[in-house]
Number of protein chains: 2
Amino acid sequence: MAPIGFASHDHNSCIADAVKSVDAACAASGLQFTPVRKRVFEILLEEHRALGAYEVLDRLRSEGLGSQPPVAYRALDFLTKHGFVHKIERLNAFIACAHPTEKHTPAFLICRKCSAVAEAETDIAQGRLAGIAADTGFAIERAILEAEGLCPNCRPSDEKA
Amino acid sequence: MAPIGFASHDHNSCIADAVKSVDAACAASGLQFTPVRKRVFEILLEEHRALGAYEVLDRLRSEGLGSQPPVAYRALDFLTKHGFVHKIERLNAFIACAHPTEKHTPAFLICRKCSAVAEAETDIAQGRLAGIAADTGFAIERAILEAEGLCPNCRPSDEKA
DNA sequence: TGATATATGTCATAGTATAACATATCAACC
DNA sequence: GGTTGATATGTTATACTATGACATATATCA
Ligand SMILES: [Zn+2]
Ligand SMILES: [Zn+2]
Ligand SMILES: [Zn+2]
Ligand SMILES: [Zn+2]
């Protein structure tokens with residue numbers, strides 16, 4: 001799966017499609033995709049960048065959907081727990097998943113200049129770390145892979161090869 | 001390089017050796033390995049687990065080496081910046097590097113039960129993510145790889161293969 | 001409808017990190 | 001040795017991130 005995030009795309013339909021597919025996934029699993037949760041997911045989709053919990057909360061507050069931190073954190077916890085949103089540990093921030101209904105292990109490319117974040121895919125189970133883990137008897141359950149650098153838009157053009 | 005952290009070893013000499021080699025590296029690079037910085041490095045070495053900045057600060061305080069957060073954060077920043085210590089983003093905590101004078105890209109195996117952390121090595125430059133980055137024109141400068149799971153000591157023995 | 005689980009509203013507090021500025025120490029040069 | 005600029009430390013204050021606790025409301029299902 002190619003990363004999104006550094007290329008333009010049909011953003012309106014991107015948002016609508018993502019909301020619709022998560023809506024369906026929740027219905028299928030008996031999860032409640034409540035107004036606050038849906039709105040938080042939309043807020044994250046609108047930017048395709050990682051937002052801090054308090055940035056999300058500010059938006060919710062301005063829309064009358066909640067004013068205290070737990071409101072934002074609960075919605076983000078729900079979305080993260082079910083894989084619709086990912087937390088970027090490096091930034092203490094959250095981003096909507098690029099393909100929220102597929103089972104996957106996300107990896108991220110984070111631009112240190114413009115803060116754009118692209119989600120890509122890894123397979124931690126076949127890298128060098130997996131071999132070391134197997135050798136030492138460590139059982140990997142999940143992995144975080146976050147690469148920091150310069151996105152194509154922020155790189156000086158003479159460096160682009 | 002094999003990970004350390006899940007196996008016993010000669011801890012006294014491990015600490016002494018690490019301090020000595022960092023001391024030499026600092027001297028060679030014109031860096032000041034001051035008492036606070038050295039003590040923070042030792043504190044982290046003593047445990048071979050990730051300590052929060054405020055845990056480090058508590059120890060400094062009890063030894064009369066500093067009582068305010070910036071003291072701990074500055075020492076940790078120095079040590080991290082020069083690669084003698086790594087930050088575990090997942091835990092907001094810091095751990096002494098397992099081989100502080102070699103240039104390397106660290107990866108971590110974090111036990112969710114006992115919080116032990118083992119440092120291993122990756123080569124992000126040859127994984128799947130590197131290919132995607134190259135394709136999209138993203139220039140990776142550094143990468144964080146943190147795997148979470150159960151260490152050999154915390155795994156039920158009947159699961160160990 | 002009533003019982004149970006799940007979600008929200010709100011207040012309070014814990015945990016992590018940095019800005020800003022004064023003082024002290026170090027390093028290098030005259 | 002004293003001057004000077006850079007680096008490090010001490011200290012106060014504050015900003016940012018996250019969760020505990022408990023009351024109320026809403027949804028789910030027998
Ligand atoms: Zn979009
Ligand atoms: Zn950029
Ligand atoms: Zn040791
Ligand atoms: Zn363990």
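All values below come from the heavy atoms of this structure, side chains included, with hydrogens, waters and symmetry mates left out. In what follows, chains carry the letters A, B, and so on, assigned in the order in which the sequence lines appear, proteins first and then strands, with residues in each chain numbered from 1.
The 5' end of DNA chain C is approached more closely, in terms of each residue's nearest nucleotide, by A:Val71 than by the other of B:Glu89 and A:Val71.
Between the B:Glu146 side chain and the B:Arg90 main chain, a donor and an acceptor come within less than 3.5 Å of each other.
The side chain of B:Val36 approaches D:dT9 more closely than any other nucleotide in the set D:dT9, C:dT10, C:dT8.
The side chain of A:Ser67 contributes no N or O atom lying less than 4.0 Å from OP1 or OP2 of C:dG9.
Rounded to whole angstrom, the span from the CZ atom of B:Phe78 across to the C1' atom of D:dA8 amounts to 11 Å. Atom P of nucleotide C:dT16 and atom CG of B:Asp58 are separated by 11 Å, given to the nearest angstrom. Regarding A:Gln68, its CD atom lies at a distance of 17 Å from the P atom of D:dT24, rounded to whole Å. Per the geometry, CZ belonging to A:Phe33 stands 13 Å off P belonging to C:dA7, to the nearest Å.
Remark: A:Ile43 CD1 to A:Leu65 CG distance equals 7.5 Å, nearest 0.5 Å. For the atom pair CZ of A:Arg59 and CD of A:Glu47, the computed distance is 4.5 Å after rounding to the nearest 0.5 Å.
Taking the ring-ring contact (aromatic ring centres under 6.0 Å, His included) definition, one finds that B:His82 meets it with B:Phe78, sequence neighbours left out.
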With 3.5 Å as the limit, what N/O pairs link the protein to nucleotides 14-20 of chain D?
residue: D:dA18; atom: OP1; partner: A:Lys87; partner atom: NZ; Å: 2.7
residue: D:dA18; atom: OP2; partner: A:Tyr73; partner atom: OH; Å: 3.1
residue: D:dA18; atom: O5'; partner: A:Tyr73; partner atom: OH; Å: 3.4
residue: D:dA18; atom: N7; partner: A:Tyr54; partner atom: OH; Å: 2.7
residue: D:dA18; atom: N6; partner: A:Tyr54; partner atom: OH; Å: 3.4

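Of the options B:Leu44, B:Leu79, B:Ile88, B:Leu51, a side chain to side chain contact (heavy atoms under 4.5 Å, CB included) to B:Phe94 is made by B:Leu44 and by none of the others.
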